[in-house]
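Heads up: the structure comes next, in structure tokens.
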Amino acid sequence: MEVKTICCIGAGYVGGPTMAVIAEKCPHIKVTVVDLNEKRIAAWNDENLDNIPVYEPGLAAVVGAARGRNLFFSTEVDKAIDEADMIFISVNTPTKTYGVGKGMAADLKYIELCARQIARVAKTDKIVVEKSTLPVRTASAIKDILDHTGNGVNFQILSNPEFLAEGTAVADLHNPDRVLIGGDTTPEGQKAIQALADIYANWVSKDRILTTNVWSSELSKLTANAFLAQRVSSINAMSELCEKTGADVNEVAKAIGMDSRIGPKFLKSSVGFGGSCFQKDILNLVYIAKSYGLNEVADYWEQVIIMNDHQKRRFAKNIISTLYNTVSGKKITFLGWAFKKDTNDTRESAAIYVADDLLSEQAHIAVYDPKVEEEQVYADLNYLETRSEQENKSGVAVHTNPYEACKDSHAIAVLTEWDEFKTYDWQKIYDSMLKPAFVFDGRNLLDKNQLEKIGFVYQSIGS
Ligand code: UDX
Ligand code: ADP
């Protein structure tokens, strides 16, 4: 079967970039990305490509090339479902905030709503692809809904997990380590797998397209993220020991990274990992393990999260104790709010939790991030519900100029590893700050020698 029309439900960080690249590489396929959020769709359609809602290096150019040709963004969900041969589900699956599995299980209500909508609208056979990160066995729930509430048409469900990392999404999509497609072992399932593999084969070499059964595919996604997060928590655990012993975590990371069995990637010690996937996926894994009565397995993976929470908290505590055990009324500048560089995504960013701790100690926080909007900073803090919106507003100022953000502050905390921070005039920043002027580098980003020479008291993670 040759796919001619694709619909993607969900125009977020996953759906947007993934569909833009499919449209770019497959001009013969019509790709329509739909979302309930009208503002988001309007932004994807904005004539000025600087205004598309997801910031990713290289994405604006890809969208610019394909939009209006074979790439469309729309709020007409039913119409796009009806027209499509293949439907990707890329809606969000946040951690549940209520009921059974609260704080742990994935909230599948958006997925279920999508499945019901597809079942209601579809009049011809469809291949449905789960793209969002989902707990194992979600495909069977989707299939159940489609088969029992649909119009008697035939659905094939595939799992095609996303391995792109934000900040490098376009490069990851152009040149993936592997593409994973899980499907039924029946002849119809195999045909559906082939149809999706043929799409990727337009730009990905065949040996990188891996096919498995649905459950292996779903679990592989959770496993990959758990292993990556575990590496970060492992090096962060060593960072605290380094600080106590006089070892330097960067030197340790380099030394172990040269062991080809370990490898050099994902060994950068930091204030803690963030992002929409790691924590959510591990909590999911923990929940699934518990639900099968595998308590040791659950505890093992939960420790990765516990370590990460500790790392964020420890960073805030260190700021407070270094500033003579009080930050009350002091201005502390945050350079960076996004969970990593080259993205405007702030979900689960360490900055949010560090700010929360410092606000509880009555600090005044000044935030500068090159890509994060003011309203997002407040939304992130309000979401925690630690204090009122009014209190967050009066405790935090968001700046569009980094030098203004640093002026008259007691300390700077580097929360995101944006490259531009390295190029600042640090002498000018030092001159504008209260003395002694502190830098707490949560990303091991800046040059210790340079800053100390200027006069800063400089502290980084793990040395
Ligand atoms: C991750 C996976 O990498 C990706 O394959 C999956 O599809 C989605 O989840 P993402 O969350 O975009 O991608 O970012 P990633 O680059 O994995 O970083 C996650 C967090 O770990 C960031 O906060 C980052 O700053 C932190 N990190 C990463 C470190 O602290 N140290 C490292 O060495 C690497
Ligand atoms: P991700 O990082 O997984 O892409 P996002 O939150 O950035 O997550 O994007 C998910 C998008 O899915 C949101 O823009 C949301 O409005 C959209 N969405 C959720 N449920 C539906 C639905 N039933 N129909 C259409 N769009 C939906």
Side-chain angles (χ1 to χ4, degrees), residues 7-19 33-41 43-44 53-54 56 73-78 80-81 87-94 106-118 131-134 161-169 172-173 176-178 180 220-222 224-236 239 249 253 257 264-282 308 311-312 336 338-351 415-417 442-445 461:
C7 157
C8 172
I9 307 180
Y13 283 90
V14 172
T18 307
M19 292 305 125
V33 190
V34 293
D35 203 298
L36 298 170
N37 183 334
E38 287 176 17
K39 211 173 130 199
R40 210 165 204 183
I41 290 299
W44 279 112
V54 169
E56 278 290 339
F73 295 92
S74 156
T75 51
E76 292 180 276
V77 183
D78 285 2
I81 291 174
I87 301 164
F88 286 79
I89 303 185
S90 275
V91 303
N92 37 342
T93 49
D107 193 339
L108 296 181
K109 73 174 171 205
Y110 303 110
I111 298 280
E112 183 169 339
L113 283 173
C114 277
R116 290 189 185 280
Q117 194 159 6
I118 295 169
K131 198 74 193 161
S132 324
T133 308
L134 297 169
E162 193 47 77
F163 293 109
L164 64 85
E166 289 175 33
T168 53
D172 293 345
L173 285 162
D177 284 348
R178 74 335 202 158
L180 183 57
S220 297
K221 165 76 186 205
L222 294 185
N225 279 346
F227 271 58
L228 290 170
Q230 182 193 40
R231 267 175 87 94
V232 178
S233 273
S234 297
I235 199 70
N236 282 344
S239 74
V249 77
K265 293 179 183 167
F266 259 74
L267 284 178
K268 198 137 185 57
S269 182
S270 68
V271 56
F273 61 73
S276 66
C277 285
F278 280 7
Q279 171 151 326
K280 184 188 78 180
D281 288 356
I282 293 174
N308 196 50
Q311 188 77 345
K312 293 182 268 189
F339 80 97
K340 64 191 252 192
K341 73 171 178 180
D342 291 339
T343 178
N344 58 344
D345 193 352
T346 64
R347 285 176 287 181
E348 290 302 327
S349 179
L415 275 312
T416 311
E417 73 281 23
R443 292 289 181 166
N444 289 328
L445 178 76
I461 301 265

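For clarity, every value in this text was computed on a predicted model and none was experimentally measured. For ligands, and for the atoms within them, numbers begin at 1 and follow the listed sequence.
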Part of [X] with heavy atoms under 4.0 Å of ligand 1, whether side chain, backbone, both or neither:
{"X": "Glu166", "value": "both"}
{"X": "Lys280", "value": "neither"}
{"X": "Leu267", "value": "backbone"}
{"X": "Asn225", "value": "side chain"}

*Answer with yes or no whether the side chains of Asn344 and Tyr13 bring together a donor and an acceptor at under 3.5 Å.*
yes
Geometric N/O contact [X] with ligand 1, under 3.5 angstrom:
{"X": "Val232", "result": "no"}
{"X": "Glu417", "result": "no"}
{"X": "Lys221", "result": "yes"}
{"X": "Gly274", "result": "yes"}
{"X": "Ala165", "result": "no"}
{"X": "Cys277", "result": "no"}

If you have a sec, work out which protein heavy atom is nearest [atom] and how many Å separate them, to one decimal?
{"atom": "atom 4 (O) of ligand 2", "result": "Val14 N, 2.9 Å"}
{"atom": "atom 22 (C) of ligand 2", "result": "Leu36 CD1, 3.4 Å"}
{"atom": "atom 20 (N) of ligand 2", "result": "Val91 CG1, 3.6 Å"}
{"atom": "atom 21 (O) of ligand 1", "result": "Phe273 CB, 3.2 Å"}
{"atom": "atom 25 (O) of ligand 1", "result": "Arg443 NH1, 2.6 Å"}
{"atom": "atom 14 (O) of ligand 1", "result": "Lys340 NZ, 3.1 Å"}
{"atom": "atom 1 (C) of ligand 1", "result": "Phe278 CE1, 3.5 Å"}
{"atom": "atom 12 (O) of ligand 2", "result": "Gly10 CA, 3.4 Å"}
{"atom": "atom 28 (C) of ligand 1", "result": "Phe266 CE2, 3.5 Å"}
{"atom": "atom 5 (O) of ligand 1", "result": "Phe163 O, 2.8 Å"}
{"atom": "atom 7 (O) of ligand 1", "result": "Glu162 O, 2.9 Å"}
{"atom": "atom 4 (C) of ligand 1", "result": "Leu164 O, 3.4 Å"}

_Just so I know, are the side chains of Phe339 and Glu348 near enough to count as touching, which here means a heavy-atom distance under 4.5 Å?_
no
*asked:* Does any part of the side chain of Thr18, heavy atoms only, come nearer than 4.5 Å to the side chain of Cys8, both counted from C-beta?
replied: no
*Any N or O of Arg347 closer than 3.5 Å to N or O of ligand 2*: yes
*asked:* Is there a polar contact, in the sense of an N or O pair closer than 3.5 Å, between Arg40 and ligand 2?
replied: yes
_By the definition side-chain contact (heavy atoms from CB on, under 4.5 Å), identify the one residue from Gln311, Lys268, Arg443 that meets it with Ile461._
Gln311
*asked:* Out of the candidates Ile111, Val91, Asp35, Val33, only one should pair with Ile9 under the side-chain contact (heavy atoms from CB on, under 4.5 Å) rule; please name it.
replied: Val91
_Considering Lys341, Gln279, Lys268 one by one, which has a heavy atom nearer to atom 33 (O) of ligand 1 than any of the others?_
Lys268
*Closest to atom 15 (C) of ligand 2 among Val54, Asn37, Asp35 (heavy-atom distance)*: Asp35
Over all atoms of both residues, closest heavy-atom pair of [X] and [Y]:
{"X": "Thr346", "Y": "Ala338", "result": "CG2-CA, 4.2 Å"}
{"X": "Ser269", "Y": "Ser239", "result": "OG-CB, 3.3 Å"}
{"X": "Gly272", "Y": "Ala350", "result": "O-CB, 4.0 Å"}
{"X": "Ala224", "Y": "Arg178", "result": "CB-NH2, 4.2 Å"}
{"X": "Gln279", "Y": "Phe273", "result": "N-CE1, 4.1 Å"}

Enumerated ligand 2 atoms positioned under 4.0 Å from heavy atoms of [X]:
{"X": "Gly12", "answer": "4 (O), 5 (P), 7 (O), 9 (O)"}
{"X": "Ile9", "answer": "24 (N), 25 (C), 26 (N)"}
{"X": "Ser90", "answer": "10 (C)"}

_Closer than 4.0 angstrom, basic N to acidic O: yes or no for Lys341 and Glu417?_
no
Just by distance, do the side chain of [X] and the backbone of [Y] share a donor-acceptor pair under 3.5 Å?
{"X": "Asn236", "Y": "Ser270", "result": "yes"}
{"X": "Glu166", "Y": "Thr343", "result": "no"}
{"X": "Trp44", "Y": "Gly16", "result": "no"}
{"X": "Asp172", "Y": "Gly167", "result": "no"}
{"X": "Arg231", "Y": "Lys265", "result": "yes"}

*asked:* Nearest 0.5 Å, please: how far is NZ in Lys340 from OG1 in Thr416?
replied: 11.5 Å
*Could you tell me the separation between the NZ atom of Lys280 and the CG atom of Leu222, rounded to the nearest 0.5 Å?*
9.0 Å
_Ligand-side contact atoms (ligand 1) for residue partner Ser270, heavy atom cut-off under 4.0 Å_ = 29 (C), 30 (O)
*Atoms in ligand 1 with a heavy atom of Leu228 nearer than 4.0 Å*: 3 (O)
*Check Lys280 against ligand 2 and report side chain, backbone, both or neither, counting heavy atoms closer than 4.0 Å.*
neither
*asked:* Check the orientation of Phe266 and Phe278. Use parallel for under 30°, tilted for 30 to 60°, and perpendicular for over 60°.
replied: tilted
_Does the residue Glu162 have a heavy-atom contact with ligand 2, meaning some pair of atoms that are separated by less than 4.0 Å?_
no
